[in-house]
Amino acid sequence: MATPWGVGTLLLLLLLLLASGEGAVPEEPRDFCQGLDIQDQYDRFYLNRTGECFARCLQLGNVSGNPGKLERYWLHYEFYLVEKNLEDKVDMPFVKALVQNFSTDTSEDLLFSLKPAQIPRQVMMGEDKPPDRVRLPRSFFASLPGSRSAVRLAISVLDIGAGDLFKGPQLRLEDGSSVLNNHMVGLSVGRTPVTRLPEPLEITFSHQRQPPNATLTCVFWDVNKGPAGDWDSRGCSTELGAERTVCHCDHLTFFALLLRPVLDRATVQVLTHISQAGCGVSMIFLAFTVVLYLTLRFSLQRFKSDDAPKIHVALSSSLFLLNLAFLVSVGSGSAGSRAACWIRGAIFHYFLLCTFTWMGLEAFHLYLLVIKVFNTYFGHYYLKLSLVGWGLPALMVIGTGSANSYGLYTIRDQENRTSLELCWFQKEPALYATVHGYFLITFLFGAVVLALVAWKLFTLSSVTAGKEQGQRWKAVLTVLGLSSLVGVTWGLAVLTPLGLSTIYIFALFNSLQGVFIFCWFAILYLPGQISTPSSSGGTARLDQAPSVSHE
């Protein structure tokens, strides 16, 4: 699912809600299951009728009656299979079960295949291990209560669908959580509880590579938790793998693998507040940057012809307008007409591209000043930069708009429910080309230029280390200041899949880009610094090099 890279990080945080939110309420089904008395009724008539109700509820994704009633019915069905049913196999669309007698005097571990579309079966010696399986250790039967020569064991795979059944309060509260593949694996030897096994059983779930911002947890359905039951992980440990997860559990019941996002609702709210506060502070300091520039321009002659501060102010202006446009867009959501939504999406896209472009132009100007120092001449230099900085994004927005790419951007969760609506892109190819691809180009260019500048600064500091103390520290501070101009903080978005800590780092540093730009601007251009340029060493000399333009 596409996620456009952020505006002052708040955009990223909102797009992390792709699999979260309150979800639209599905259409209420008719009372198909209301009043169905099904407790412990497993003859053919009740089984077919309840199966029809269960399938209907899975299809509708909601239960108008009592979901706990259906949940208990299928939990107790395994007891019935063990204690009263004469069949050894169950093959229904939503439940597959194997019921078999086993000798307690076994000398080998027992392995069973759990392919969801097939009835569970025992895997014989010499066969390849199936990707989805249950392993019962040889000590399992000996540890069962009572003295029995044989034990009747039921193993079932239940498809619970994407509706409300077997979700519990935990999944209803934690946005984006789900039961992996909507499958539960049940094991039972009847109504006798089996707990605290000396050697745990193993259930292996195969899956595709999961997103790094999600966690997998082995759980079981605890009927004693809450009024209707809920998921719990007591007695189970999780062994994670790239394409499989092994659950080790010391009891018998129904098991599943829960997929949870790293960012739960509380974390997203905290990050959103951090980003909103950071964006607000950045807008204030970006405004200070513009005011400081105007003050110095009217009081100091060199500001009328120097291009470097003009470029800094252009970047500050575009970033200020970007944050403002985004905050307005978030506040209005999808309200208004289709044309108004189209306009909000286009304006936000324009200022986003302007910010990316001016960060690239900062890197270009830095390259001319520090790397290519000699034989550089551009007539009307800043005018040409302005045409690129403000004009190129306008052309891209016009082209994107002519393709009717703007509109209502609907974000859905894993159950296909609407989580969030934004006025943004409604065609993902345009999003990839004009946002993801464009940002990647400007960011890589800025990173390369910054690396070259850092290499040159540290080489210079090594040469002059004996003449001036602290030269290396000044070089470090210079690189940090320049990194705020070329947008290095935006590159932290690449690290966010590594975990929650990197998301916090990205949210904090990127939302404060405006503060960093103001600090750099003030250090370079306040009158005290300008009157004594040598006092700032490499920092002052770097950005106060002779202009490359002749207007």
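Only this structure's heavy atoms are used, side chains among them; waters, hydrogens and symmetry mates stay out.
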#### Entry: side-chain contact (heavy atoms from CB on, under 4.5 Å) between F356 and T434, intermediate numbers included
CA-CA 11 Å; F356 291 161; T434 63; over 6 Å; no

### Query
Using the benzene-type ring in the case of Trp, are the ring centres of Y77 and F94 under 6.0 Å apart?
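That pair fails the under 6.0 Å test.
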
### Message
If you take the centroid of each ring, where Trp contributes its six-membered ring, are F220 and F254 closer together than 6.0 Å?
### Response
no

Anything under 30° is parallel, anything over 60° is perpendicular, the rest tilted; go ahead and classify [X] against [Y].
| X | Y | result |
| --- | --- | --- |
| H349 | F425 | perpendicular |
| H76 | F79 | parallel |
| Y406 | W342 | perpendicular |

### Task
Compare the SG-SG distance of C236 and C249 against 2.5 Å and report whether it is shorter.
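A disulfide is present here, as the SG pair of C236 and C249 is separated by less than 2.5 Å.
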
Do [X] and [Y] come close enough that some side-chain heavy atom pair is under 4.5 Å?
| X | Y | answer |
| --- | --- | --- |
| R234 | K225 | no |
| V223 | T253 | no |
| L252 | S188 | no |
| L257 | H183 | no |
| T442 | T357 | no |
| V82 | E78 | no |
| L187 | I203 | yes |
| V179 | F166 | no |

Point-to-point distance, once rounded to the nearest 0.5 Å, from [atom1] of [X] to [atom2] of [Y]:
| X | Y | atom1 | atom2 | answer |
| --- | --- | --- | --- | --- |
| I347 | L322 | CD1 | CG | 12.5 Å |
| D232 | L258 | CG | CG | 10.5 Å |
| T195 | H251 | OG1 | NE2 | 8.5 Å |
| E239 | C218 | CD | SG | 9.5 Å |
| S156 | M92 | OG | CE | 12.0 Å |
| K96 | I119 | NZ | CD1 | 6.5 Å |

Mind listing the closest non-hydrogen atom pair of [X] and [Y] along with its distance?
| X | Y | value |
| --- | --- | --- |
| L431 | W424 | CD1-NE1, 3.5 Å |
| P120 | L98 | O-CB, 3.3 Å |
| T400 | A430 | CG2-CB, 4.1 Å |
| W231 | A256 | CH2-CB, 3.6 Å |
| A154 | V99 | CB-CG2, 4.2 Å |
| R244 | H207 | C-NE2, 3.4 Å |

### Query
H436 and L440: side-chain contact (heavy atoms from CB on, under 4.5 Å), yes or no, with the steps?
CA-CA 6 Å; H436 293 186; L440 186 61; over 6 Å; no

### Task
Please say whether more than 12 non-hydrogen atoms of neighbouring residues, nucleotides or ligands are located less than 6.0 Å from CG in N101.
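Check passes, neighbour count above 12.
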
### Query
After noting the C-alpha distance and the side-chain angles of F348 and C423, does the key distance pass the side-chain contact (heavy atoms from CB on, under 4.5 Å) rule?
CA-CA 9 Å; F348 173 64; C423 292; over 6 Å; no

Quiz: residues 124-142 side-chain donor-acceptor pairs under 3.5 angstrom, not counting sequence neighbours:
from : atom 1 : to   : atom 2 : distance (Å)
E127 : OE1    : R121 : NH1    : 3.3
E127 : OE1    : R121 : NH2    : 3.1
E127 : OE2    : M124 : N      : 3.0
D132 : OD1    : S206 : N      : 3.0
D132 : OD1    : S206 : OG     : 3.3
D132 : OD2    : S206 : OG     : 2.7
R133 : NH1    : P130 : O      : 2.5
R135 : NE     : E202 : OE1    : 3.4
R135 : NH1    : D109 : OD2    : 2.8
R135 : NH2    : E202 : OE2    : 3.3
R138 : NE     : S107 : O      : 3.1
S139 : OG     : E199 : OE1    : 3.0

### Message
Checking V95 against D159 for the side-chain contact (heavy atoms from CB on, under 4.5 Å) test, could you report, in this order, the C-alpha distance in whole Å, the side-chain angles of both residues, the deciding distance, and whether it holds?
### Response
CA-CA 6 Å; V95 61; D159 184 353; over 6 Å; no

